[in-house]
Amino acid sequence: MDNIKAQVAEALNSLYGIDKENPAIQLQKTKKEFEGNLTLVVFPFLKASHKTPEATAAEIGEYLLKNSAEITGYNAVKGFLNLTVAGTSWVEKLNGIASDDKYGIKEAAADAPLIMIEYSSPNTNKPLHLGHVRNNLLGYSLAQILKAAGNRVIKTNIVNDRGIHICKSMLAWEKWGNGITPEKAGKKGDHLIGDFYVLFSNKYKEEVEALQAKGMSKEEAEAASPLMNEAREMLRRWEAGDEKVRSLWRTMNGWVYAGFDETYKRLGVDFDKIYYESETYLEGKEKVLEGLEKGVMYRKEDGSVWADLTEEGLDEKLLLRADGTSVYMTQDIGTAKLRFRDYPIDKMIYVVGNEQNYHFQVLSILLDKLGFAWGKGLVHFSYGMVELPEGKMKSREGTVVDADDLMDEMVETARATSSELGKLDGCAPEEIDKITTMIGMGALKYFILKVDPRKNMTFNPKESIDFNGNTGPFIQYTHARICSVLRKAAESGITLPAQADPATELSDKEVSLIQHIEAFKNIVGEAAATYSPALIANYTYDLVKEFNQFYHDYSILHEPDTAKRDLRLLLSANVAKVVKNGMNLLGIDVPERM
RNA sequence: GGUCGGGUAGCUCAGCUGGAUAGAGCAACAGCCUUCUAAGCUGUGGGUCAAGGGUUCGAAUCCCUUCCCGAUCACCA
């Protein structure tokens, strides 16, 4: 396609003296209502041609027909020049794609940009929910896409393992847990800890209500609550390094991590390096004091440290409290310091919800002022909330969708559907498990990733489990279908050719499909440049949709003309390849049968 | 109120670096399995692209104004 663009540029230059690098030279895929493969919009060149749109289009078309071996026809509709490209060119493109197993996927060079992606970032006091699922899927997919575009990528996770929230769970466990463990309870550790967190909240609420009934105001009651004071005391002891508290903390966090690991594994996400806030929160303090010396920050009379961002159109920002303890922002600076020490990062991407837009705006400025090379250009990959049809998820109202439950449900539905359709009859049980897991997880992942991350999305438990239409299973199904054809071919002794004969006659649908898979390379680049898994998702869907039309209209194995048959087989195999590679960028596996 | 996102079919969403008659899926209705997997394919109906103005040969897309929804503006994380 690039060479055809060059030929068009050559034509415009020769006819009208237009600069060959003119950005207005844009070739797009011809709409299906019109004849041709590629369309040039000629309006931008009318000033140079001094002719009507029709005459200009015809003139360029005529020139290309004469001077280009690849252009075999043209038609001009209004200001649109539709070009037909020779079939041999298309077959050669297909052969090129076929000879590259990882078509569209670049290897990272040793000196490629090093990008660190932070995602997931859970608190250790409760299990992961639907919002985390979106975060994890986006982060992982983004990493896959950036890698495929030739970058070196480090996936990282910052675990918020310290603070009052975990003390609440610890206290509740001490008081009412009777020494229970995940093993004894037969429960994942993160869920067990989550239960104690809820228990604390309920008991605390009871206390506050009881105190209010005795005539205290809500604020007074909250301040007087013995339970909350005990939790605060526990935090103080934690900070002081009290071994008993630390030991309990380590044990309970350990339970949570074991639970998270299970969830991560099922989700198919992983990390190259995990940071813990308990290890980074003190680092920020040091960096802030350094900034204080440099005059980037200033100290108020009460001893607190601030940054003045009014020049940047923002407010003043607190970085150290009067008692010298750090706040959220300080911790993020500390984490940044460690990361920069550990890796020569060129770019840092934070996958964090849009409720923290302001935080990252500030963080970017502060890191820049503190001398981090990548601070100014840090990317906050901001995504919207996941809402339920009834509205937002609220833990108080018990409408939070738990990640583990959700995955169970998706896989269970996949199993039920498969069994209903009888698709996996005769498969070994382990095989059925494997495939239904792929389908259930594929449905979930695709449903979430196909949507523009910026938007709040509605998660309808019923619709997201739909396996028809624009869904993960539909795409997986097409892959399985192609694999089935390839199996049948092998069974009847037809070998998949490595290359197709360039003289083979092509139908419009075949040309269109070749054009489509060829575009994968550019789509990967664009998805990386715009940080958009959704682009990959929608591209793959369109490709698969088109393949199914082709599959319906043309016979592959029963085609009597062996050159055509071989080409269709090769084309199908390469559609499957691109589908697999594309879905891999979303973290979705594709089965060979379903 | 300030700042940042969003508003496209009944519902969920594409399209947004300006290009031809705004696309899918779901839902509804009507068809297609002695032939490579019907989780598929084909067709019908469904739109003031929030509203108004501007720029342009051309605007869902760019600019301005207004309206609606969300987030945020903590010595919480």
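Given the structure is predicted, the values throughout are model-derived calculations rather than measurements. Quick note on labels: first sequence line is chain A, next is B, and so on, each numbered from 1.
Look at the C1' atom in both C49(B) and A60(B): the space between them is 5 Å, to the nearest Å. With P as the reference atom, G6(B) and C64(B) are 14 Å apart, rounded to whole Å. If you take atom P in U55(B) and the same atom in G45(B), they sit 37 Å apart, rounded to whole Å. Atom C1' of G40(B) sits at a distance of 16 Å from the matching atom of A24(B), rounded to the whole Å. With both ends at atom P, the span from C11(B) to A27(B) equals 16 Å, rounded to whole Å. Spacing of C1' atoms, C33(B) relative to C68(B), comes out at 49 Å, to the nearest Å. Comparing the same atom, P, in C26(B) and in U42(B) gives a spacing of 12 Å after rounding to whole Å. Straight-line distance between the P atoms of G54(B) and U12(B): roughly 33 Å, to the nearest whole Å.
Under 4.0 angstrom from either OP1 or OP2 of A14(B) there lies at least one side-chain N or O belonging to Lys455(A). For Gln549(A) and G40(B), the shortest distance from a side-chain N or O to OP1 or OP2 is not below 4.0 Å. Phosphate contact (OP1/OP2 of G6(B), side-chain N/O of Asn456(A), threshold under 4.0 Å): absent. For C36(B), the OP1/OP2 oxygens have no side-chain nitrogen or oxygen of Arg487(A) closer than 4.0 Å.
Applying the side chain to side chain contact (heavy atoms under 4.5 Å, CB included) test to Lys434(A) and every residue at least two apart in sequence or in another chain returns Met438(A). Checked against salt bridge (charged side-chain N to carboxylate O under 4.0 Å, His left out), Glu387(A) has no partners two or more places apart in sequence or in another chain. Residues satisfying the ring pair (Phe, Tyr, Trp, His ring centres under 6.0 Å) test with Phe550(A), not counting sequence neighbours, are Phe547(A), Tyr554(A). Residues passing the side chain to side chain contact (heavy atoms under 4.5 Å, CB included) test with Asn574(A), sequence neighbours excluded: Leu94(A), Ile97(A), Ala98(A), Ile517(A), Leu570(A), Lys577(A). Every side chain to side chain contact (heavy atoms under 4.5 Å, CB included) that Ala48(A) has, sequence neighbours left out, goes to Tyr16(A), Ile18(A). For Ser532(A), the side chain to side chain contact (heavy atoms under 4.5 Å, CB included) test picks out Thr530(A), Ala534(A), Leu535(A), with sequence neighbours left out.
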Subject >> Base-contact (B) and sugar-phosphate-only (S) positions in nucleotides 71-77 of chain B, heavy-atom cut-off under 4.0 Å, - elsewhere >> reply: SS--BSB

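Ring geometry for Phe43(A) against Phe80(A) counts as perpendicular: the plane angle is over 60°, on a 0 to 90° scale with 30° as the lower cut.
Checking A38(B), G5(B), U8(B) against the side-chain heavy atoms of Arg454(A) singles out G5(B) as nearest. For Val451(A), the listed nucleotide lying nearest its side chain is A14(B); candidates were C41(B), A14(B), C36(B). When the nucleotides U37(B), U8(B), A39(B) are ranked by their closest atom to the side chain of Pro473(A), A39(B) comes out on top.
Place Lys545(A) and Ala534(A) on RNA chain B by their nearest nucleotides, and Ala534(A) ends up nearer the 5' end.
Residues Leu289(A) and Arg299(A) are in side-chain contact: their nearest non-hydrogen atoms beyond the backbone lie under 4.5 Å apart. Proximity of Asp332(A) to His359(A): side-chain heavy atoms (C-beta onward) are separated by under 4.5 Å at one or more points.
Atom C1' of nucleotide U12(B) and atom OH of Tyr446(A) are separated by 12 Å, given to the nearest angstrom. As a whole-Å value, the separation of Ile556(A) CD1 from G40(B) C1' is 13 Å. One atom, CD of Glu312(A), and another, P of U3(B), lie 17 Å apart when rounded to the nearest Å. One interatomic measurement links the two molecules: CD1 of Ile494(A) to P of C36(B), which rounds to 13 Å at whole-angstrom precision. Atom-to-atom, CZ of Phe550(A) to P of G40(B) comes out at 19 Å; the value is rounded to the nearest Å. If you measure from atom CD1 of Ile475(A) to atom C1' of G40(B), you get 14 Å, rounded to the nearest angstrom. Between His558(A) atom NE2 and C33(B) atom P the separation is 17 Å, expressed in whole Å. Protein atom CG of Leu309(A) is 14 Å distant from nucleotide atom C1' of U3(B), rounded to whole Å.
Residue Ser572(A) is out of contact with every strand shown, counting any heavy-atom pair closer than 4.0 Å. Within 4.0 Å (heavy atoms only), Tyr541(A) reaches sugar-phosphate atoms of the nucleic acid but no base atom. Residue contacts shown for Asp452(A) are limited to sugar-phosphate atoms, with no base heavy atom under 4.0 Å away. Residue Met457(A) is classed as a sugar-phosphate contact, given heavy-atom separations below 4.0 Å to backbone atoms only. Residue Tyr539(A) is classed as having no contact, given no heavy-atom separation below 4.0 Å to the nucleic acid. Base engagement by Ile439(A) is indicated by at least one non-hydrogen atom pair under 4.0 Å involving a base atom. Residue-level contact check: Thr458(A) touches the backbone only, with heavy atoms under 4.0 Å from sugar-phosphate atoms and none from bases.
Glycosidic conformation of C49(B) is anti; the angle lies outside 90° of 0.
Applying the salt bridge (Lys or Arg N to Asp or Glu O under 4.0 Å) test to pairs two or more places apart or on separate chains, those with a residue in residues 564-574 of chain A are Glu510(A)-Arg568(A), Glu559(A)-Arg568(A). Residue pairs meeting the side chain to side chain donor-acceptor pair (under 3.5 Å) criterion with at least one partner in residues 483-493 of chain A, sequence neighbours excluded, are absent. Within the structure, the salt bridge (Lys or Arg N to Asp or Glu O under 4.0 Å) test picks out the following pairs touching residues 26-49 of chain A (sequence neighbours left out): Lys29(A)-Glu546(A).
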Subject >> Structure string for RNA chain B in dot-bracket form, Watson-Crick and G-U at under 3.5 Å, | interchain >> reply: ((((((((.[[[[.)...(...]]]].(((((.......))))).....[[[[[..)....]]]]])))))))....

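Aromatic ring centres of Phe474(A) and Phe467(A) lie farther apart than the 6.0 Å criterion allows.
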Protein N or O to nucleotides 17-22 of chain B N or O, pairs below 3.5 Å:
residue	atom	partner	partner atom	Å
A20(B)	OP2	Lys31(A)	NZ	3.2
A20(B)	N6	Thr39(A)	OG1	2.9
A20(B)	N6	Asn82(A)	OD1	3.1
A20(B)	N1	Asn82(A)	OD1	3.4

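Judged by distance alone, with hydrogens and angles left aside, the side-chain atoms of Ser304(A) form no donor-acceptor pair with the main-chain N or O of Arg321(A) at under 3.5 Å.
The residue from Tyr119(A), Tyr531(A), Phe381(A), Phe360(A) that alone fulfils the ring pair (Phe, Tyr, Trp, His ring centres under 6.0 Å) condition with Tyr350(A) is Phe360(A).
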